[in-house]
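Reviewing the structure listed below.
The sequence lines fix the lettering, A, B, ..., with proteins before strands; numbering per chain opens at 1.
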Amino acid sequence: MYALVDGNNFYVSCERIFRPSLNGRPVVVLSNNDGCAIARSNEAKALGIKMGAPWFQIQHLADEAGLVALSANFALYGDISDRMMSLAAGLGHRQEIYSIDESFVELTGIRGDLAERSHKIRARILQWVGIPTCIGIGPTKTLAKLANHVAKTAERKPGVYPDHYAQVCHLGALSPQELNAVLAATEVGEVWGVGRRIAQQLKDGGIHNALDLTRVDLATIKRRFSVVLERTVRELQGTPCMALEDEPATKQQIAYTRSFGQSVRRLDELQEAVTEFACRASEKLRRQGSHTGQVLVFVRTSPFRAKDPQYSCSAVFPLPIPTSDSTTITEAALAVLDGIYQAGFNYAKAGVMLLDLVPAERHQYTLDLDLSQALEQGWGTALGRRAPVSQHVQALARERLMGALDKVNGRYGRGTVMLASAGLAGPARSWTMRQERMTPRYTTCWEDLAPVRA
DNA sequence: TCTGGGGTCCTAGGACCC
DNA sequence: TCTGGGGTCCTAGGACCC
């Protein structure tokens, strides 16, 4: 049996902890660049604001309906998430942190009334951290997800499901008739793993709700769609196909991409941005203990500016020796940028992606063969050659330099030490993000600590 | 004027190999 | 006239997730 613990309207709830005056009001949290709504309070949803709605299209609601918009404050959300996760873990023995606001908890071996236990954990998270959550329980992860959807919907929209499923819903405790009623009341597109495209195709085929989906022919689903959807159907039928993954998997690629605060035309500005992005991606790479073998850079104009000439291009720089060194990665990224940059466009976005990741401890040395030597003296001699000792010493020194860089930036703040080609902070960096409604980093920064009045 | 970021997995098709 | 069978690897694109 699995539980899924999910923070309600998570980013908005984080903001409300430190600003209780936002309770009861329509609130949205905006994406980077204050571009569009990525989290909405129930009141904002009631105003008809859709997920991903561009801010400039809903801005009028600020005056008309008291809508409050805030810039995304990921330092705050990450810290609140850690606190919520540690309490949610108390529900069972093993936990998989699935996203910033969701975790699966395995309930195998837990005795007693699971729903009652969940209500207690829920109350604790609300009181100790300040985040309202919903908990769904089911025999598979897909059913736990569905139960969570039921718990949330029963709380927010009365009438769809029985009221007592609100906040905590335990599908494993239902009779077959009750379970079928829940599945029948759930649109097929709400099932985890069924997106917009597949939902439409299923509906065209007469499969409208989750109950319909449990009754399809597995072989047909596999043939017409994929093994992925087949797995979803099995899970919906109660057969576990997805295990709990409590060890976070090492990433296979690492990206740092951003839209610019305003469009950028000049190469030197793009060079600044790409330097910064390459360094940030390299930091992430070192944090997970990997080296990269390929650096990809892309630039593109905005598809929303239909009148602008459009351009989008990317290219890869293969590194002869995998590395996590910021300067090497940046040099590679800038070389790619030189190759793909075209003058005369309004660039809206760029990114650096690190591919072909390998564990840092797996060293790879260049073969450095001298072919003529090999032919004259045999392969053994040629392979026996070693790169000069100085090269290894240099590599070691670089590693320590990067370690020191990360430590300094970790302690004194990001950007304390950086590569000069990233440009100096200030108005000169025209490409930096717009964040005009940012709240303080209440829990992760001394200067931003909330004052308490007597 | 103004539209996010970061991932994963699967599949089909082509290149290539024996 | 008539041209096999089986396999791997890589890439691009599509679908999904939050």
Side-chain angles (χ1 to χ4, degrees), chain A residues 4-11 28-40 49-60 62 69 71-74 77-78 81 96-104 141-142 145 148-149 188-202 221-232 241-242 245 248-263 277 280-281 284-285 288 294 296 298 300-308 314-316 318 346 348-357 433-437:
Chain A
L4 180 72
V5 186
D6 186 327
N8 300 350
N9 313 330
F10 185 66
Y11 296 166
V28 293
V29 170
L30 302 175
S31 63
N32 280 333
N33 265 320
D34 295 343
C36 49
I38 54 171
R40 307 156 293 155
I49 297 171
K50 298 275 181 261
M51 185 66 173
W55 170 237
F56 73 92
Q57 284 175 9
I58 55 174
Q59 196 168 12
H60 62 96
S71 302
N73 183 346
F74 291 111
Y77 311 151
S81 171
E96 170 185 344
I97 294 172
Y98 178 66
S99 74
I100 193 162
D101 69 332
E102 288 174 73
S103 69
F104 288 102
K141 285 165 86 173
T142 302
K145 264 283 212 187
N148 186 275
H149 167 76
V188 74
E190 299 293 346
V191 174
W192 190 39
V194 179
R196 263 225 315 274
R197 284 266 164 55
I198 291 177
Q200 190 54 55
Q201 291 177 46
L202 287 171
I221 285 290
K222 184 176 176 182
R223 183 164 37 80
R224 280 207 42 208
F225 295 91
S226 67
V227 291
V228 185
L229 190 63
E230 186 201 4
R231 198 162 53 206
T232 293
C241 302
M242 294 182 230
E245 288 163 28
T250 49
K251 297 197 190 322
Q252 298 173 38
Q253 57 181 57
I254 285 174
Y256 196 95
T257 73
R258 284 291 178 277
S259 297
F260 302 133
Q262 47 187 289
S263 59
F277 297 175
R280 299 290 273 275
K284 290 195 210 178
L285 185 69
Q288 87 155 21
Q294 286 192 327
L296 180 147
F298 73 84
R300 55 169 251 210
T301 53
S302 169
F304 298 108
R305 298 175 60 150
K307 284 179 213 151
D308 276 12
S314 73
V316 167
N346 291 318
K349 184 173 181 174
V352 172
M353 296 169 85
L354 307 180
L355 316 171
D356 253 9
L357 306 192
M433 281 190 282
R434 259 195 320 276
Q435 290 175 316
E436 287 162 7
R437 303 147 193 280

Just wondering, do Arg434(A) and Asn33(A) contact through their side chains at under 4.5 Å, heavy atoms?
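Yes, close enough: below the 4.5 Å cut-off.
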Under 4.5 Å between any side-chain heavy atoms of Tyr77(A) and Asp101(A), yes or no?
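Not in contact.
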Can you give the dot-bracket line for DNA chain C, where a pair is Watson-Crick or G-U wobble with both atom distances under 3.5 Å, crossing pairs use [ ], and | marks a partner on another strand?
....||||||||||||||
To the nearest 0.5 angstrom, please state how far the CZ atom of Arg231(A) sits from the CE atom of Met242(A).
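These two atoms lie 5.5 Å from each other.
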To the closest 0.5 Å, what do you measure between NZ (Lys145(A)) and CG (Leu4(A))?
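So the NZ of Lys145(A) and the CG of Leu4(A) are separated by 5.5 Å.
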Looking across every strand, which nucleic acid part, if any, lies under 4.0 Å from [X] by heavy atom: base, sugar-phosphate, or nothing?
| X | answer |
| --- | --- |
| Gln262(A) | nothing |
| Lys222(A) | nothing |
| Leu30(A) | nothing |
| Ile198(A) | sugar-phosphate |
| Gln59(A) | nothing |

Both Ile254(A) and Phe225(A) contact DNA chain B. Which one's nearest nucleotide lies toward the 5' end?
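In this pair, the answer is Ile254(A).
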Starting at the 5' end of DNA chain B and moving along, which residue's nearest nucleotide shows up first, Thr257(A) or Pro54(A)?
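By nearest-heavy-atom nucleotide position, the 5'-most residue is Pro54(A).
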Quick one: do Leu357(A) and Thr250(A) satisfy side chain to side chain contact (heavy atoms under 4.5 Å, CB included)? Show the steps, please.
CA-CA 9 Å; Leu357(A) 306 192; Thr250(A) 49; over 6 Å; no
Is it true that atom NZ of Lys284(A) has more than 12 heavy atoms of other residues, nucleotides or ligands lying nearer than 6.0 Å?
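It does: Lys284(A) NZ has more than 12 such atoms within range.
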State whether the side chain of [X] and the backbone N or O of [Y] hold a donor-acceptor pair below 3.5 Å, judged by distance alone.
| X | Y | answer |
| --- | --- | --- |
| Arg280(A) | Tyr256(A) | no |
| Ser81(A) | Ile100(A) | yes |
| Ser71(A) | Arg437(A) | yes |

Earliest and latest nucleotide of DNA chain B, 5' to 3', sitting under 4.0 Å from a non-hydrogen atom of chain A?
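Counting from the 5' end, contacts occupy dC2(B) to dT11(B).
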Over 60° means perpendicular and under 30° means parallel, so tell me whether Tyr11(A) and Phe74(A) are parallel, tilted or perpendicular.
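Perpendicular: the ring planes of Tyr11(A) and Phe74(A) meet at over 60°.
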Mind telling me whether Tyr98(A) and Phe104(A) have parallel, tilted or perpendicular rings, with 30° and 60° as the class edges?
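If you compare the ring of Phe104(A) with that of Tyr98(A), the planes turn out perpendicular.
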Interatomic distance at C1', dG4(C) relative to dC17(B), whole Å
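After rounding to an integer number of Å, I get 14 Å for this pair.
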Does any residue of residues 32-40 of chain A have a heavy atom under 4.0 Å from DNA chain B, and if so, which ones, in number order?
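Residues of residues 32-40 of chain A under 4.0 Å from DNA chain B: Asn32(A), Gly35(A).
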